[in-house]
Amino acid sequence: MSLFQPVWVLQQVTQGEVVEVIRNDALLSSSLWVNIALAGLSTLLFLYMGRNVEGERARLIWAATLLVPLVSISSYTGLLSGLTAGFVEMPPNHPLGGEAVLSQWGRYLTWTLSTPMILLALGVLADVDIASLFTVVTADVAMCVTGLAAALVTSSYALRWAFYVISCTFFVVVLYALVFRWPRAADAAGAGEIFGTLRTLTVVLWLGYPIVWAAGVEGLALVESVGLTSWAYSLLDIGAKYVFAFLLLRWVAANQDVVGRAEFARGTERGAAIGDD
């Protein structure tokens, strides 16, 4: 079987046949296996790096960061097994309209579970308030879910792009917080420099995802290779997840006093408020 199939084949494709298609495409399968290997190595490395992390905020950052490769290894295994991949019929007016194209829809599940952990770690690092953290994480989840809808809509090409625009709108909320709101809180918490580095890494790489979607088979099909699209997503994941997590955990492990001071200051404010009562 190939990555593109006539529509009538859709209901006859088994999970095993999807696995065979992935296995027979060296470009596609390698993009998944590399991430499984890196996610496994990252998990072991992050466990080692967090062995001496203490304090509530530092441990929360470490736990959230550790979940990123754990979610990724589960997700990429799901893709390789054919569990979260399958053929989707492209709607009329799409450049590949009427053809059944292999969709790695499981990636959206990965992002729905892993990107909130990235934002949680950044929010705790910057010591932002709960309302702001909740708003940004919720917008992020909505961004991923509507992105999944854009990838799976088969009834209308226009609706695919409508969901894409909605997803990007939620993304703007996330970007606004990362660029304009959270840096001030990070400066006040003493983590301004590392937050700035991680913010730049996150913003630049996250902007790559909608670009890949628009250029790939799910959008304009300017790049018709599912393998190339998969590698583009995988390379973005490597930087946005594993490199990000390593830089963050290295800083937290070396600056637990800074992280702890923000925690202590917040506790002092609570104590003062209780005393006033």
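Note that the structure is predicted; figures quoted are calculated from it, not measured.
- Checked by atom type and distance alone, the side chain of Gln256 pairs as donor or acceptor with a backbone atom of Glu54 at under 3.5 Å.
- Ala64 and Leu120 get closest at one heavy-atom pair: CB-CD2, 3.9 Å.
- Side-chain atoms of His94 never come within 3.5 Å of backbone atoms of Glu99 as a donor-acceptor pair (strictly under, hydrogens ignored).
- Counting all heavy atoms, side chain and backbone alike, Pro92 lies closest to Thr154 at CD-O, 4.4 Å.
- Connection of Val128 to Val179 is established within a shared hydrophobic cluster, with ILVMFWY side chains joined at heavy-atom distances below 4.5 Å, either directly or through further cluster members.
- Among residue pairs with one or both ends in residues 186-203, none qualify as side-chain hydrogen bond (donor to acceptor under 3.5 Å, both in side chains); sequence neighbours excluded.
- To the nearest 0.5 Å, the span separating OG on Ser81 from CD1 on Ile22 amounts to 8.0 Å.
- Taking hydrophobic clusters as Ile, Leu, Val, Met, Phe, Trp and Tyr residues chained together by side-chain heavy-atom distances below 4.5 Å, Leu248 shares a cluster with Leu205.
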Verify side chain to side chain contact (heavy atoms under 4.5 Å, CB included) between Val34 and Trp231, making sure each step is shown before the conclusion. CA-CA 10 Å; Val34 165; Trp231 257 114; 3.8 Å; yes

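- Two different hydrophobic clusters hold Val173 and Leu178 under the rule that ILVMFWY side chains link at heavy-atom gaps under 4.5 Å.
- The heavy-atom pair separating Ala221 from Pro95 by the smallest distance is CB-CB, 3.9 Å.
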Run the side chain to side chain contact (heavy atoms under 4.5 Å, CB included) test on Phe244 and Val68 for me, step by step, so that the C-alpha distance in whole Å, both residues' side-chain angles and the decisive distance to 0.1 Å come before the verdict. CA-CA 10 Å; Phe244 168 93; Val68 173; over 6 Å; no

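- The stretch residues 111-148 participates, sequence neighbours left out, in these ring-ring contact (aromatic ring centres under 6.0 Å, His included) pairs: Tyr108-Trp111, Trp111-Tyr209, Trp111-Tyr233.
- The nearest pair of heavy atoms linking Ala245 to Thr65 is CB-CG2, 3.1 Å.
- Val217 is not listed as a side-chain neighbour of Met90, based on a closest heavy-atom distance of 4.5 Å or more.
- Nearest approach of Phe163 to Thr146, heavy atoms of both residues: CB-O, 3.6 Å.
- Distance alone, capped at 3.5 Å, places no donor-acceptor pair between the Arg184 side chain and the Arg181 backbone.
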Go through the steps to decide whether Val88 and Glu218 satisfy the test side chain to side chain contact (heavy atoms under 4.5 Å, CB included), and finish with yes or no. CA-CA 10 Å; Val88 174; Glu218 295 170 313; over 6 Å; no

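- Note: Leu159 CG to Leu152 CG = 13.0 Å, rounded to the nearest 0.5 Å.
- Remark: Leu66 engages Thr43, Phe46, Leu47, Trp62, Leu70 in a side-chain contact (heavy atoms from CB on, under 4.5 Å) (not counting sequence neighbours).
- By the side-chain hydrogen bond (donor to acceptor under 3.5 Å, both in side chains) test, Thr229 pairs with no residue at all, sequence neighbours left out.
- Judged by distance alone, with hydrogens and angles left aside, the side-chain atoms of Ser230 form no donor-acceptor pair with the main-chain N or O of Val226 at under 3.5 Å.
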Can you check side chain to side chain contact (heavy atoms under 4.5 Å, CB included) on Tyr76 and Ser234, steps first, answer last? CA-CA 10 Å; Tyr76 277 99; Ser234 291; 3.7 Å; yes

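- Note that the CG atom of Leu220 and the CG atom of Leu96 stand 11.0 Å from one another [nearest 0.5 Å].
- Phe195 has its side chain within reach of Pro183: a pair of non-hydrogen atoms, C-beta onward, lies under 4.5 Å apart.
- Residues that satisfy the salt bridge (charged side-chain N to carboxylate O under 4.0 Å, His left out) test with Asp237, not counting sequence neighbours, are Arg107, Lys241.
- Here the side chain of Thr84 pairs a donor or acceptor atom with the backbone of Leu79 at under 3.5 angstrom.
- Residues that satisfy the side-chain contact (heavy atoms from CB on, under 4.5 Å) test with Ala39, not counting sequence neighbours, are Pro69, Ser72, Ile73, Tyr242.
- Residues Val203 and Met117 fall within the same hydrophobic cluster, defined by Ile, Leu, Val, Met, Phe, Trp and Tyr side chains chained together at heavy-atom separations under 4.5 Å.
- Applying the ring-ring contact (aromatic ring centres under 6.0 Å, His included) rule to pairs touching residues 166-192 yields Tyr176-Phe180, sequence neighbours excluded.
- Every residue two or more places apart in sequence or in another chain was checked for a side-chain hydrogen bond (donor to acceptor under 3.5 Å, both in side chains) with Thr135, and none qualifies.
- Residues passing the side-chain contact (heavy atoms from CB on, under 4.5 Å) test with Asn255, sequence neighbours excluded: Trp251, Asp257, Val258.
- Apart from Val71 itself, the hydrophobic cluster it occupies contains Leu113, where clustering links Ile, Leu, Val, Met, Phe, Trp and Tyr at side-chain heavy-atom distances under 4.5 Å.
- Residue Leu207 is grouped with residue Val212 when hydrophobic side chains (ILVMFWY) are merged at heavy-atom distances under 4.5 angstrom, including chains of intermediate members.
- Side-chain atoms of Ser167 come within 3.5 Å of backbone atoms of Met143 as a donor-acceptor pair (strictly under, hydrogens ignored).
- By the ring pair (Phe, Tyr, Trp, His ring centres under 6.0 Å) test, Trp213 pairs with Trp161, Tyr164, sequence neighbours left out.
- Taking Asn93 as the reference, Tyr157 meet the side-chain contact (heavy atoms from CB on, under 4.5 Å) condition, with sequence neighbours excluded.
- We find the CD-OG distance between Glu89 and Ser155 to be 10.0 Å, quoted to the nearest 0.5 Å.
- For the side-chain contact (heavy atoms from CB on, under 4.5 Å) with Trp206, the qualifying choice from Leu236, Val174, Leu201, Leu175 is Val174, the only one to do so.
- In this structure, CD1 in Ile118 is found 10.0 Å from CG in Leu198, a value given to the nearest 0.5 Å.
- How far OG1 of Thr112 is from CG of Asp140: 8.0 Å, rounded to the nearest 0.5 Å.
- Residues Leu133 and Gly123 share a closest heavy-atom pair of CD1-CA, 4.0 Å.
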